[in-house]
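Notes to accompany the following structure.
From a predicted model like this one, the values you see are computed outputs, not experimental measurements. The chains referred to below are lettered A, B, ... by the order of the sequence lines, with proteins before strands, and numbering in each begins at 1.
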Amino acid sequence: MSLLTMIAKMSEGFGRTCAIFFLTLIFSLPLGMIVALLRMSKNKVVSAVTRFFISVLRGTPLMLQLLAVTYGPYYLFGISVSRNKLIPVVVAFSINYAAYFAEIYRGGIESISPGQYEAAKVLGYTKVQTFMRIILPQVVKRIMPSVTNEVVTLVKDTSIAFTVSYQEMFTIGKQIANSQTSFVPFVVAGVFYFVFNAIVDFVMGRIEKKLDYYK
Amino acid sequence: MILELKNIKKAFPYRNCEEKGITDHKDGDVNQVLKDISISVDAGEIVSIIGPSGSGKSTLLRCATGLETPDSGEIIYADGVKFGLVFQNFNLFPHMSVLDNVSDAPIRVAKKDKKAARQEALKWLDKMGLGDRGAAYPCELSGGQQQRVAIARALAMDPEILFFDEPTSALDPELTGEVLKVIKSLADLHIAMVIVTHEMAFAQDISDRVIFMDGGLIVDEGTPGEVFESANPRTQAFLGRYKSGNW
Ligand SMILES: Nc1ncnc2c1ncn2[C@@H]1O[C@H](COP(=O)(O)OP(=O)(O)OP(=O)(O)O)[C@@H](O)[C@H]1O
Ligand SMILES: [Mg+2]
């Protein structure tokens, strides 16, 4: 198999890699905020339960969570494993990344000085207005570097989808590598991820720069 | 009368870090910060609150502005009276331009027309000597300028009473004057002001009434002349330290 054929075949999987990447971000970024707010809830039970789930999600391998989401329903309830593996992959990834984002958000929210809330309160802002207009914009700026880290990790983590044979780029690359007894597909995959992350770095850098208008 | 505070009491659990080592507090011991404070403020009146560190001045302002809930007592604002608060460390919104800092609450909270609110904000900034800094961000301003923006922000909500909690304590001495000057310039707006300050000359100069607090109680109260010449030994001791410049 020529190098070009390999690249062409793997490129087909690249669309699916992108699907995992973008869908995971779309779901986990907001879900993480909900989890963070539950984690900071004044209700002790709510915050303790949330804290427990976060620690499980961060303390066990994503691969294991992916297997559990994909095959768990079959073993537990006899529900047949869905043909389209994109669904369990995105579900598992979104939940896992939401846990990480939640902790990043929480750190960001807790780093805002109480004086900001007090100033807003005396001026008469509602709680929702205070959060949306005063707190959140400052949090976004502060957490950008940590979020970038997670996003870069996510690019590489998409390859974990091979454990459930979802035909994303790495899975295809691995299949070619096996059938051709060649190491080349792995090199190609490496270059793919590297270029992908270079783009991610560039985009995140632009966003950080945009937020650089104040200290 | 636009504000009446009646028999305000407030206690805090002891903070472990600072109070520890001074005395051994038993579990459940509380720090009775405000013991029984009653104050009334008339429209347009300028009241200074002075007193040693820890006497409860900030706590009193925080109770009056709803940032703390008193354990007992009443806080009564006359109908429709709005208040503002200027903090020691400004608490400007760093992600908003100076103009937005001043005009955002009038627009979002008071639901004023956007254009009118911005014009009014500019007017207040102008009064603070910052008419040309509307586009700047707080981090680009000196402490004195930031505090003047904070004053403009409070004024833009049309308060009838404005509280100041040591508005110049976070400033370098050379910036203190400019802030005290603009506060003084507000006197003719007929907005009542309650000013916690360690600037004794300023308090003496600007106030209609001076309140001396110590240990969670009002120890002395009267015109600047009365309080600064008071025969009360605690007032004398406190002011004596100030007069000798020995802080
Ligand atoms: N949230 C809080 N929790 C516990 N203790 C508090 C709290 N706020 C204030 N205190 C305590 O209450 C006492 C009075 O504090 P307060 O800030 O009202 O004094 P102050 O007169 O404003 O002093 P300063 O001149 O230093 O600003 C202090 O002993 C302080 O440690
Ligand atoms: Mg104080």
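Heavy-atom proximity under 4.5 angstrom to chain A picks out nothing from residues 40-55 of chain B. Contact annotation for residues 90-122 of chain B against chain A (heavy-atom separation below 4.5 Å, listed by residue number): B/Asn91, B/Leu92, B/Phe93, B/Pro94, B/His95, B/Met96, B/Asp104, B/Ala105, B/Arg108, B/Val109, B/Lys111.
Among B/Met157, B/Glu140, B/Arg62, B/Lys82, the residue making the largest number of heavy-atom pairs under 4.5 Å with chain A is B/Arg62. By number of non-hydrogen pairs under 4.5 angstrom with chain B, the leading residue of A/Gln129, A/Lys121, A/Gln116 is A/Gln116.
For OH of B/Tyr77, the number of neighbouring non-hydrogen atoms (other residues, nucleotides, ligands) closer than 6.0 Å is greater than 12. Annotation for A/Lys174: atom NZ does not count as buried by contact number, only 12 or fewer foreign heavy atoms lying within 6.0 Å. Other residues, nucleotides and ligands contribute more than 12 heavy atoms inside 6.0 Å of the CZ atom of A/Phe186.
Within the structure, every pair that satisfies the side chain to side chain donor-acceptor pair (under 3.5 Å) test and touches residues 199-215 of chain A, not counting sequence neighbours, is listed here: A/Thr148-A/Glu208.
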Side-chain polar contacts of residues 83-95 of chain A - donor-acceptor pairs under 3.5 angstrom, sequence neighbours left out - could you list them?
unit_1  : atom_1 : unit_2   : atom_2 : d
A/Asn84 : OD1    : A/Leu86  : N      : 2.9
A/Lys85 : NZ     : A/Val164 : O      : 3.3
A/Ser94 : OG     : A/Val90  : O      : 2.7

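Both the backbone and the side chain of A/Glu118 come within contact range of chain B, each with at least one heavy atom under 4.5 Å from a heavy atom of that chain.
Here the shortest heavy-atom pairing between A/Val122 and B/Thr65 reads CG2-O, 4.2 Å.
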